[in-house]
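In what follows, every chain begins at residue 1, and chains take the letters A, B, ... in the order their sequences are listed. None of the values given here were measured: they were computed from a predicted structure.
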Amino acid sequence: MWKTIVRRFLIMIPQLFVLSLIIFMMAKFMPGDPFTGMITPETDPTRIEELREKHGLNDPWYEQYIRWIGNAAQGDFGMSYTFKRDVGALIGERAVNTFWLSLVSVIILYAIAIPLGVLAGRYHNSWLDRLIILYSFVSYAIPTFILALLFLFFFGYTLGWFPTSGSVDIKYDPGTFGYVMSKIYHMLLPAITYAVLATTTVIQYLRSEIIDAKTQDYVRTARSKGIPMKKVYSRHIFRNSLLPIAAFLGFTITGLLGGSIFIETIFGYPGMGQLFISSITSRDYSVITALVMLYGFLALLGSLLSDIIMSIVDPRIRIE
Amino acid sequence: MKNKSWSLMAMLLAVLLVLAACSDSDDSTKEEGSSTPKGEEEAGSNDASLSLSVENEGDAVEGGVLQVALVKDEPFQGIFSWELYDDGYDSELMDWATNVIFETDGEFRITDEGIASLEVDEENLKATVKIREGVKWSDGEPLKIEDLILPYEIIADPDYEGVRYDGDFQNIVGAEEFHAGTAETISGLKKVDETTLEISFKKLSPAVFYGGDGLWSYAAPSHLMADIPVADLLAHDLVRKNPVTLGAFKFDKVVPGESVQFVANEHYWKGKPKLDGVLVKVVPPSSISVAMKEGKYDLAQYFNATQWQEIKDLDNIDILGRQELYYSYLSFKLGKYDTANKTVVSDFENSKMGDVELRKAMGYALNIEEVSEVYYNGLRERANSMIPPVFKSFFDDSLEGYTYDEAKAIEILDAAGYKDVDGDGMREDKNGQPLEIKLAAMSGDQTQEDIISYYLQNWKDVGLNVVLTTGRLIDFNSFYDKVRADDPEIDVFMGAWGTGTNPSPFATYSGTSANNLGRYTTEELETILNNIDSPEAMDSAYRSEQFRAYQEYMEENAVVIPMQFRYELFPVNKRVKNYNVDYETETELHEIELVAEEPIAGN
Amino acid sequence: MSIELTENKELTVSPPPTGWQVIWREFKKDKVAMVSLVGLIVVIFGVFIWALFIDQDALMKISLRDKYAAPGSENYSGLGSYILGADQGGRDILGQLIIGAKNSISIAIAITFITGIFGIVVGMVCGYFGGWIDSMFMRIIDFFITIPSMMLIIVFVTIVPKYDVPVFIMIMSIFLWTGTARLVRSKALSESRRDYVNASKTLGTNDFIIIFKEIMPNLSSILIVEMTLNFAGNVGIETGLSYLGFGLPPSTPSLGTLVSYANNPLVLYEYWWCWLPAAIFILLMMLAINYIGQALRRAADAKQRLG
């Protein structure tokens with residue numbers, strides 16, 4: 001298995017390379033550049049031109065790309081044009097926020113989705129099942145930002161249960177216990193919002209797994225042996241149905257990373273999704289490319305992770 | 001597990017209840033709406049009668065922290081240096097702890113009230129800056145003349161990557177040599193004694209009184225910064241985390257991109273502030289109105305005026321407003337910019353918009369008044385010239401501007417020979433050829449989309465076939481890219497300029513400037529523009545006369561059609577005892593007081 | 001991967017009788033699905049026919065005095081009234097809802113159609129033939145899965161010089177075909193190992209005839225489910241893009257634009273009629289599609305069948 005994992009990592013390199021080429025080319029095709037937005041009547045167009053020249057923005061894109069990939073290979077992703085900071089450090093700061101937010105979201109997501117999915121599957125076709133299905137579809141149909149706004153207004157402002165913007169209270173110093181708690185506290189509402197909206201797949205999947213399992217031979221055998229249904233559920237069905245859910249984990253986390261744009265914007269939570277949108281508008285090339293690469297890498301990692309989990313929980317599947 | 005799923009259901013129910021509650025309250029507003037005639041309803045709410053200042057009753061509490069919301073969709077950049085920053089939000093943050101050495105009057109002319117005073121010797125192209133004695137940095141160090149010289153050396157440094165090393169800055173004698181590395185110091189900056197700095201310029205214009213011509217209005221703490229290489233400054237803690245400043249408050253803590261905590265600066269030269277501190281947080285525009293209602297903040301900065309309706313009925317805030325140094329315009333492509341020779345080449349003959357009558361008609365056809373009233377509730381108003389009225393001595397209020405007059409537009413077009421030849425309801429050009437005018441406009445929010453569609457409709461009503469370049473609104477970057485490149489797909493375009501505190505139009509309309517986006521230039525206009533910034537214009541009477549001439553010329557020739565002036569809004573909680581946004585008598589930050597422990601929540 | 005898991009189970013299922021009969025029997029048994037099906041057909045046809053009678057230029061004409069006119073209130077000019085109110089440009093919401101639904105449904109159908117065809121062809125070929133074709137396409141599909149699609153869609157939207165419905169369909173299709181292809185591939189893989197295929201092969205039947213005449217009908221219900229779900233997903237993506245400011249141009253009303261009106265508290269609370277009808281419309285469509293999809297899924301899977 002270790003061999004396979006190493007091989008998968010090696011395959012990632014050409015994939016990421018192609019991805020970087022495409023995204024770099026596309027970023028350069030976008031009209032304007034990081035300096036377009038800086039022009040006011042007082043700014044001197046000659047100075048802007050000088051700066052463009054200095055940053056090599058007037059070179060053909062492939063020259064810029066070669067320069068960029070050369071630096072990137074050495075771990076230097078350049079400077080953000082807008083934030084005037086090292087891209088690695090900038091993204092790192094945001095990525096930490098987004099990562100923790102995603103993790104908390106996933107935990108809440110499973111805490112909501114697993115019981116609901118199990119109930120819906122067990123009491124298949126009952127009113128409870130119908131209600132859960134209705135919920136799962138309502139949550140799928142509500143656009144993220146609408147629910148996010150409603151939650152923010154109601155739980156954040158009207159009830160005042162949660163902080164309403166930012167990722168941490170300014171009064172705590174990094175490293176202290178209060179700081180960590182404040183971080184988690186700031187994450188809760190966005191994470192709950194996200195979890196409530198993302199349950200559909202898990203509920204649906206779990207539900208049909210359990211309905212499926214009910215007709216399986218091992219369940220029939222167990223029943224015929226006189227084991228009470230309750231025990232059959234807890235000993236056999238749940239375990240078998242829950243295991244594949246674990247395999248979703250990798251994909252779910254990467255999925256969350258991509259879907260975080262809305263949540264981050266509405267809750268004023270400085271994360272990667274928001275950074276991406278703002279760097280698109282400001283044509284912050286170095287940040288755009290680095291972000292897409294990071295997402296690509298995480299997606300690859302996620303799918304690898306899923307495959308590994310799968311092969312562990314289900315011996316029938318071996319990663320090739 | 002079961003319990004958790006139930007709490008979730010309860011939450012879901014709560015959301016549904018909120019929804020239901022909303023729809024209930026809406027029913028009642030709907031009925032009110034239908035009982036009053038609509039036109040009046042709009043007119044009644046028009047023009048909020050904005051005041052410039054607020055005085056709230058009550059005894060001031062000791063100290064207190066002012067809660068400020070910086071309305072912004074994304075984290076701030078956090079470059080806290082006047083020499084290095086790019087983003088307006090950063091300057092808004094820095095204002096609490098400013099390093100500015102000059103104070104200005106209502107028209108932004110430098111006065112003697114500030115830390116430094118300015119004397120200009122026009123004959124010898126010199127300016128003398130004198131600083132008060134006893135002014136201290138927030139770390140207790142005294143302010144020195146070196147602190148005034150350092151910013152010049154930062155900007156002129158070869159490693160400086162900002163936009164401020166520009167033509168204007170090179171007007172300082174010796175700046176170019178210093179930039180090229182051939183000089184150790186900037187020869188035009190001379191320390192006369194411990195409180196006096198003499199600056200030599202290559203040329204002088206009235207702009208110097210407004211902080212132009214290369215004069216720099218900020219100081220930098222040389223006792224800390226002098227030895228830091230400019231290339232390292234951007235990442236330095238003195239810029240990112242704990243800048244040392246001269247203003248009423250000083251930086252205490254920064255959460256990058258999210259919030260900044262200021263505390264009172266005990267060394268402030270005007271006296272210790274009455275507040276204990278100021279806490280500024282970034283709040284997304286989608287929730288700012290609710291945040292103000294719930295009493296989370298005392299003051300909102302960068303509040304978008306289109307959201308005025310969301311807060312107008314709140315009983316716990318006052319809404320202050322003032323005119324911005326801004327105008328939006330409709331401009332016409334009348335030539336090209338010759339990059340090699342750095343000149344604007346106008347070609348009226350071959351430009352689609354070359355006919356002044358056509359340009360005028362396009363101006364008269366726009367119902368900007370209605371847009372201002374309905375969409376902006378009077379928070380934007382039809383501009384009659386390119387000089388915001390704040391500049392009282394330059395603004396010409398006698399100008400009519402292109403007030404909406406559909407009949408006049410039709411009349412002008414008929415007289416000028418733009419007739420509908422083929423009977424499709426759209427006018428053809430003077431030679432009977434189909435006339436399709438391509439408009440480039442910037443994308444923005446939904447309101448912007450609607451307004452542009454409305455303007456297209458306005459033109460259609462007078463028989464002009466105006467279509468959008470690329471078929472939709474163009475995002476900011478592409479817009480300026482296309483306009484600057486003189487894209488042939490653009491005949492007219494709608495843009496906006498912030499005028500800055502020096503309203504000189506030279507940079508935006510002169511025959512040599514690439515920022516002259518309409519590419520209109522004539523000798524007559526050039527003369528007027530030169531006069532405005534000429535040495536004779538040091539005489540304010542002469543200068544304002546030339547400003548008037550400029551505004552009249554622009555109107556007569558419909559070079560651009562000024563569209564709107566706009567107001568900026570400052571929602572202020574009733575807890576704030578005194579707040580004033582008048583440019584002339586703006587609140588001194590150290591005098592702000594609060595009358596309650598917490599911001600007041602609304603009903 | 002859920003598919004791969006079920007492969008072994010599938011083997012025990014005998015090939016269903018004729019697909020359409022089974023489907024029809026399922027619908028007859030499940031009233032909710034039946035109502036959904038009829039309702040959906042009626043709504044889709046209704047929307048398309050109604051849209052023919054709406055003058056889009058007149059609909060999108062801005063009437064500032066009618067800004068946020070409440071549902072049921074009269075037009076400012078005194079002509080007609082707004083059944084569902086008006087938006088901030090004073091444009092009729094009902095009319096926009098119809099046109100918007102027409103546009104969104106057309107977009108979704110077009111995307112589903114394109115990605116469907118492409119995905120089916122690629123998936124079938126890969127699953128049936130395997131070998132180097134399979135591994136080549138699988139690498140390409142893997143690559144697409146790595147791409148953060150929402151982000152690249154946004155970049156694409158910024159680049160294209162003219163952004164309209166066909167362009168939007170193209171962009172979305174580029175990113176969405178892989179899902180269908182993956183699904184079809186794994187199904188085709190398991191089907192092609194079955195006896196009936198082997199039998200055909202030994203009889204010397206042409207590969208393409210086997211693929212499209214024999215395997216395809218057995219995948220039809222799975223494909224219909226996939227397509228219906230894609231449909232709902234597309235509307236969601238479009239809504240999100242509108243909210244972020246990368247939506248369709250204003251001259252093309254869509255359900256996404258209508259819902260994204262809710263991005264300010266005033267519209268969200270006070271002028272709910274701007275966005276709520278579109279949101280409810282999307283929800284009902286999705287529920288209907290889901291119930292239909294469930295019936296279809298049951299039809300595809302003998303164990304869950306009601307009839």
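Considering CG of Asp169(A) and CD of Gln261(B), their distance stands at 9.0 Å, rounded to 0.5 Å. Note that the CZ atom of Phe267(A) and the OG atom of Ser286(B) stand 9.5 Å from one another [nearest 0.5 Å]. Atom CD of residue Glu258(B) and atom CG of residue Asn97(A) lie 6.5 Å apart, to the nearest 0.5 angstrom. Distance check: Tyr157(A) OH to Ser289(B) OG gives 9.0 Å after rounding to the nearest 0.5 Å. The distance from the CD atom of Glu74(B) to the CZ atom of Phe276(A) is 13.5 Å, given to the nearest 0.5 Å. Here Glu294(B) contributes atom CD and Leu159(A) contributes atom CG; the two are 9.0 Å apart, rounded to the nearest 0.5 Å.
Neither the backbone nor the side chain of Ala235(B) comes within contact range of chain A; no heavy atoms are under 4.5 Å apart. Contacts between Tyr160(B) and chain A at a heavy-atom distance below 4.5 Å involve backbone atoms as well as side-chain atoms. Of the atoms belonging to Thr158(A), heavy atoms from both backbone and side chain fall under 4.5 Å from chain B. Both the backbone and the side chain of Ile170(A) have a heavy atom closer than 4.5 Å to some heavy atom of chain B. Residue contact with chain A, scored on non-hydrogen atoms closer than 4.5 Å, involves the side chain of Leu279(B) exclusively. Contact of Lys342(B) with chain A is made through the side chain alone, with heavy-atom distances under 4.5 Å. For Ser167(A), the parts sitting under 4.5 Å from any heavy atom of chain B are the backbone and the side chain alike.
Among Asp90(B), Leu234(B), Val254(B), the residue making the largest number of heavy-atom pairs under 4.5 Å with chain A is Leu234(B). Heavy-atom pairs under 4.5 Å with chain A peak, among Lys482(B), Arg240(B), Arg164(B), at Arg240(B). Your options are Val255(B), Val283(B), Leu84(B), and the one with the most heavy-atom pairs under 4.5 Å with chain A is Val255(B). Interface summary for chain A: among Gly162(B), Ala69(B), Gly212(B), the most heavy-atom pairs under 4.5 angstrom belong to Gly162(B).
Counting heavy atoms of neighbouring residues, nucleotides and ligands inside a 6.0 Å radius, atom CH2 of Trp61(A) exceeds 12 of them.
When atom types are taken as modelled, the side chain of Glu161(B) and the backbone of Leu51(A) share no donor-acceptor pair closer than 3.5 angstrom. The main-chain N or O of Lys171(A) is found under 3.5 Å from a side-chain atom of Lys253(B) such that the two form a donor-acceptor pair. Within the 3.5 Å criterion, the main-chain N or O of Asp73(B) finds a donor-acceptor partner in the side chain of Gln274(A). Side-chain N or O atoms of Ser287(B) include none that pairs as donor or acceptor with a backbone N or O of Leu152(A) at under 3.5 Å.
The nearest pair of heavy atoms linking Gly156(A) to Lys296(B) is O-NZ, 4.2 Å. Among all heavy-atom pairs drawn from Ile79(B) and Lys84(A), the shortest one is CD1-CG, 3.5 Å. Nearest heavy atom pair, residue Glu93(A) against residue Pro256(B), reads OE1-CB, 3.8 Å. Listed here is the closest heavy atom pair of Phe83(A) and Phe76(B): CE2-O, 3.7 Å.
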Could you give me the CA-CA distance, side-chain angles and deciding distance for Gln77(B) and Arg85(A), then say whether side chain to side chain contact (heavy atoms under 4.5 Å, CB included) is met? CA-CA 9 Å; Gln77(B) 297 176 2; Arg85(A) 291 181 61 191; over 6 Å; no

